[in-house]
Novice: 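I'd like to ask some things about the structure below.
Numbering of ligands and ligand atoms starts at 1, following listing order.
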Amino acid sequence: MTGTVWKYITEKLESEGACHFSLLDPDPLSTTVENVVEIARLTEKAGSDAIMIGGSTIFGVIDDACERISDEVDIPTILFPGNITGVSQHADAMFFMTLLNSTNPYYIIGAQALAAPKIKLMGLEAIPMAYLIVAPGKTAAWVGDAKPFPRDKPKLPTMYAIAAELLGMKLVYLEAGSGAEGGGVPLEMIGSVSKYIDIPVITGGGFNDEKSVVAAIEAGASIVVQGTYLEKHVQVDEGAELTKIIKGLKKAGAKRV
Ligand code: 1GP
């Protein structure tokens, strides 16, 4: 693909109002590289706008998966690292994340500092992103020593999101945790955060159907991320239902353009 990934994302959001990102976790304990590449191919075919590669726990090296996914698809591949092990030169860009509601400075700035020289030397495009973990938070909360925001307290992540914007972050990610029950981050929380910041809100964790994905966009999110859904369903129906989910998301997005 040509041009920077950030330019691609902003232009897509400007013209289509909302984006769908597919999260793939190339964890050899639960999948194979071939499987992940196949899912990437199907999600692109279904209309997903980008592939995020990573996870909170990485067993092994992600280079091979990154290289093969990037070769397979034309949409951007963006690293979504849970630690310094999540860096690869084979992706188009990286979400340079800081887990702002971690209680451990390692996840706020320590890992970033350790990885920064390599990222800079590689010339990898880094997109600064605030990562905010909402209850239940699942593995991401446990690994990241987070103090997850209670689901009924939208004001708390809103304060953090405004701080993130003032610090110069380009995106705010509201994360309920991969496999979260309850249909993702509460809509009231997405609404509150989106209302008070001018940078795009990206959300993920438990968005497993069209209804919840569309509701997140209608509540104010710009990008919805799906991971678990893809692992479970995309190969079963060759992406037929995902195509419908993404159509629904784009329809909701179009109302905002
Ligand atoms: C996890 O938000 C992502 O970081 C995706 O979550 O696996 O529940 O779709 P799911």
Novice: Does the side chain of Ile223 come within less than 4.5 Å of Ile9's, by heavy atoms?
Specialist: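 Counting from C-beta outward, Ile9 and Ile223 do come under 4.5 Å.
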Novice: Using a 4.0 Å cutoff against the non-hydrogen atoms of Gln226, which atoms of ligand 1 qualify?
Specialist: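 Counting atoms of ligand 1 from 1, those under 4.0 Å from Gln226 are 9 (O).
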Novice: Yes or no on side chain to side chain contact (heavy atoms under 4.5 Å, CB included) for Leu242 and Leu42, after CA distance, side-chain angles and deciding distance?
Specialist: CA-CA 9 Å; Leu242 180 63; Leu42 290 168; over 6 Å; no
Novice: For the hydrophobic clusters of this structure (ILVMFWY residues joined by side-chain heavy atoms under 4.5 Å, transitively), does one cluster hold both Tyr196 and Val134?
Specialist: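 Yes, because Tyr196 and Val134 connect within a single hydrophobic cluster, where side-chain heavy atoms sit under 4.5 Å apart.
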Novice: Would you check if the side chain of Asn104 reaches a backbone N or O of Asp145 as a donor-acceptor pair within less than 3.5 Å?
Specialist: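 No, because the side chain of Asn104 does not come within donor-acceptor range (under 3.5 Å) of the backbone of Asp145.
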Novice: Pull out every atom of ligand 1 sitting under 4.0 Å from any heavy atom of Gly206, numbered as shown with elements.
Specialist: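 Near Gly206, meaning under 4.0 Å from one of its heavy atoms, ligand 1 has 8 (O), 10 (P).
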Novice: Could you tell me whether a side-chain N or O of Thr77 sits under 3.5 Å from a main-chain N or O of Asp92, the two making a donor and an acceptor?
Specialist: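 Side chain of Thr77 to backbone of Asp92: a pair is present.
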Novice: What residue and atom, counting heavy atoms only, is the protein's closest point to atom 5 (C) of ligand 1, and at what distance?
Specialist: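 Closest protein heavy atom to atom 5 (C) of ligand 1: Gly205 N, 3.7 Å.
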Novice: Give the residue, atom name and distance (to 0.1 Å) of the protein heavy atom nearest atom 10 (P) of ligand 1.
Specialist: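 Of every protein heavy atom, Thr228 OG1, 3.4 Å lies nearest to atom 10 (P) of ligand 1.
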Novice: If you define the side chain from C-beta out and look only at heavy atoms, does anything of Ile53 sit under 4.5 Å from Ile78?
Specialist: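 Not touching, per the 4.5 Å side-chain cut-off.
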Novice: Does even one non-hydrogen atom of Gly179 get within less than 4.0 Å of ligand 1?
Specialist: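 In this structure, Gly179 qualifies as a contact of ligand 1 - some heavy atom is under 4.0 Å.
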Novice: Would you say Lys147's side chain and Thr103's backbone share a donor-acceptor pair under 3.5 angstrom?
Specialist: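 Judged by distance alone, no pair lies under 3.5 Å.
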Novice: Considering only the protein, which heavy-atom contact is closest to atom 9 (O) of ligand 1, and what is its distance?
Specialist: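 Heavy-atom neighbour on the protein nearest atom 9 (O) of ligand 1: Gly227 N, 2.8 Å.
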Novice: Of Tyr173, Tyr131, Phe80, which has the heavy atom at the shortest distance from atom 3 (C) of ligand 1?
Specialist: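 Going through Tyr173, Tyr131, Phe80 one by one, Tyr173 has the nearest heavy atom to atom 3 (C) of ligand 1.
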Novice: Provide the closest heavy-atom pair for Met97 versus Gln112 in the form atom of the first, atom of the second, distance.
Specialist: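 What the structure gives for the nearest pair is O-NE2, 2.6 Å.
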Novice: Indicate yes or no: does an N/O atom of Ser178 lie under 3.5 Å from an N/O atom of ligand 1?
Specialist: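 Right, the criterion is met.
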Novice: Provide, to 0.1 Å, the distance between atom 1 (C) of ligand 1 and the closest protein heavy atom, together with that atom's residue and name.
Specialist: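 Answer for atom 1 (C) of ligand 1: Glu175 OE1, 3.2 Å.
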Novice: Please could you name the atoms of ligand 1 that Gly204 approaches to less than 4.0 Å, counting only its heavy atoms?
Specialist: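 Those of ligand 1 that fall under 4.0 Å from Gly204 are 2 (O).
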Novice: Which one holds for Leu23 and ligand 1: side chain close, backbone close, both close, or neither close, with close meaning a heavy atom under 4.0 Å?
Specialist: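 Side chain only; the backbone of Leu23 stays clear of ligand 1.
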